[in-house]
Amino acid sequence: TQLLEQSPQFLSIQEGENLTVYCNSSSVFSSLQWYRQEPGEGPVLLVTVVTGGEVKKLKRLTFQFGDARKDSSLHITAAQPGDTGLYLCAGKYGNKLVFGAGTILRVKS
Amino acid sequence: EAQVTQNPRYLITVTGKKLTVTCSQNMNHEYMSWYRQDPGLGLRQIYYSMNVEVTDKGDVPEGYKVSRKEKRNFPLILESPSPNQTSLYFCASSLRQPTNYGYTFGSGTRLTVV
C-alpha cells in the first residue's frame, strides 16, 4: 500500500481542457513537493507547499495543500501538449521524502 | 549548466555480470541518492548519502552497493545483477535534506538484465 495515493493513474485530454490531479494520504505531511517527469527524462521539481491551505500558482498550474496537510491537488488550466508527462507528488514524512506512483497525463492536440 | 549526469543511459547485461552506473553532480550538493522507478510502484529509494563517506540504506537496498569518496560522485554498483533488477534508475542530488530543498534528478539509466 502506497503512503501517497495519486489519482487518476492515467488521464488523456484534448488541448485546451482543464484538469485536476490528486495526491492523498491518511498521514499528515510536513510539506509536499510536486514534480513533472517528461518521457525519457528525470523528474523536475515544480513546487513545494508547506502550510495547510496553501495555494501556489505557476503560470497555468495551481497547486493546493489541504488544510489538514493530508492531501494536495494540481489543477492545470487550458492544458497544452507540452504539459504531457508523469506528475509525481512527494511528501515529507518524518525525515524521509515519500513519492506517490504518479499520474500520467497526455494532452492531445 | 547545473546538472546531474548519469551514465550509461541504456544498458543490457546478463545475469551475474558486475556493473557500475556512474553519477556526477556539479552543484556542490551534499545529499545524493539513487532511486529505481517501476510501473505502478513509483520511485523507491535504494541508497542515499548525506555527505562524503556517509552512506545509508534506503527502502530497497538488497543487491546494490554505493560509495561516496568524493562529493560530486555517487556510483551505483550491482555486484551480481539479476532479472528483478531490470528497471529505470535515477540518481538525484539535493543541496541538503531533499525534504526541504527538493531534488535535481539525472536523466535516468534504463537497465535490462537478461
Side-chain angles (χ1 to χ4, degrees), chain A residues 1-10 21-25 27-51 54 56 58 63 65 69 72 74 85-106, chain B residues 1-10 21 23-25 27 29-50 54 56-61 74 76 87-110:
Chain A
T1 304
Q2 295 266 351
L3 200 57
L4 276 171
E5 297 286 341
Q6 291 192 244
S7 62
Q9 285 186 287
F10 306 98
V21 298
Y22 301 92
C23 175
N24 295 301
S25 175
S27 302
V28 174
F29 287 90
S30 305
S31 63
L32 199 125
Q33 300 169 8
W34 282 93
Y35 292 79
R36 177 170 64 212
Q37 182 179 2
E38 296 182 16
E41 296 299 326
V44 174
L45 179 65
L46 297 174
V47 77
T48 301
V49 286
V50 179
T51 307
E54 183 176 2
K56 281 192 174 179
L58 188 66
F63 303 86
F65 201 15
R69 290 183 288 131
S72 182
L74 159 58
L86 174 67
Y87 288 81
L88 295 162
C89 63
K92 179 180 179 180
Y93 185 66
N95 63 354
K96 296 188 68 172
L97 193 63
V98 177
F99 283 87
T103 292
I104 297 172
L105 172 64
R106 181 184 173 203
Chain B
E1 181 189 354
Q3 60 186 356
V4 176
T5 303
Q6 51 180 116
N7 283 294
R9 289 294 305 271
Y10 302 92
V21 184
C23 174
S24 180
Q25 50 93 5
M27 297 166 282
H29 283 176
E30 291 184 357
Y31 192 106
M32 296 186 74
S33 185
W34 276 101
Y35 285 87
R36 60 178 290 172
Q37 186 176 41
D38 301 290
L41 296 178
L43 286 161
R44 293 181 292 167
Q45 193 178 46
I46 302 170
Y47 268 95
Y48 64 95
S49 168
M50 289 194 284
V54 180
D56 210 344
K57 296 177 181 179
D59 299 316
V60 287
F74 190 45
L76 179 70
S87 187
L88 180 58
Y89 290 86
F90 287 101
C91 180
S93 73
S94 181
L95 180 64
R96 292 187 188 87
Q97 282 288 343
T99 49
N100 297 329
Y101 293 91
Y103 275 122
T104 300
F105 281 87
S107 295
T109 296
R110 186 166 291 280

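All values below were derived from every heavy atom in this structure, side-chain atoms included, with hydrogens, water molecules and symmetry-related copies excluded. So you know, we letter chains A, B, ... as the sequences are listed, proteins then strands, and number each from 1.
- The two residues A/Ala101 and B/Gly40 come nearest to each other via the heavy atoms CB-O, 3.7 Å.
- For the side-chain hydrogen bond (donor to acceptor under 3.5 Å, both in side chains) test, no residue two or more places apart in sequence or in another chain qualifies with A/Glu54.
- Each of A/Ser30, A/Ser31, A/Gly40 has some count of heavy-atom pairs under 4.5 Å with chain B, and the biggest count is that of A/Gly40.
- Contact check for A/Pro43 versus B/Leu43: side-chain heavy atoms found under the 4.5 Å cut-off.
- Here B/Gln37 is the residue among B/Gln37, B/Arg110, B/Gln97 with the most heavy-atom pairs under 4.5 Å with chain A.
- Contacts of A/Gln37 with chain B are made by side-chain atoms alone, with heavy-atom separations under 4.5 Å and no backbone atom involved.
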Below 3.5 Å, can you tabulate the donor-acceptor pairs from side chains in residues 98-108 of chain B to any protein atom, sequence neighbours excluded?
unit_1   : atom_1 : unit_2  : atom_2 : d
B/Asn100 : OD1    : A/Lys92 : NZ     : 3.3
B/Tyr103 : OH     : B/Tyr35 : OH     : 3.0
B/Ser107 : OG     : A/Glu41 : OE1    : 3.1

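- By a heavy-atom distance cut of under 4.5 Å, B/Arg9 are the residues of residues 1-9 of chain B near chain A, going up by number.
- Listed by first and then second residue, the salt bridge (Lys or Arg N to Asp or Glu O under 4.0 Å) pairs that reach into residues 38-47 of chain B are B/Arg36-B/Asp38, B/Asp38-B/Arg44, sequence neighbours excluded.
- Heavy atoms closer than 4.5 Å to chain B are found in the side chain of A/Leu86, but not in its backbone.
- The part of A/Tyr35 that comes within reach of chain B is its side chain, from C-beta onward, which places non-hydrogen atoms under 4.5 angstrom from that chain.
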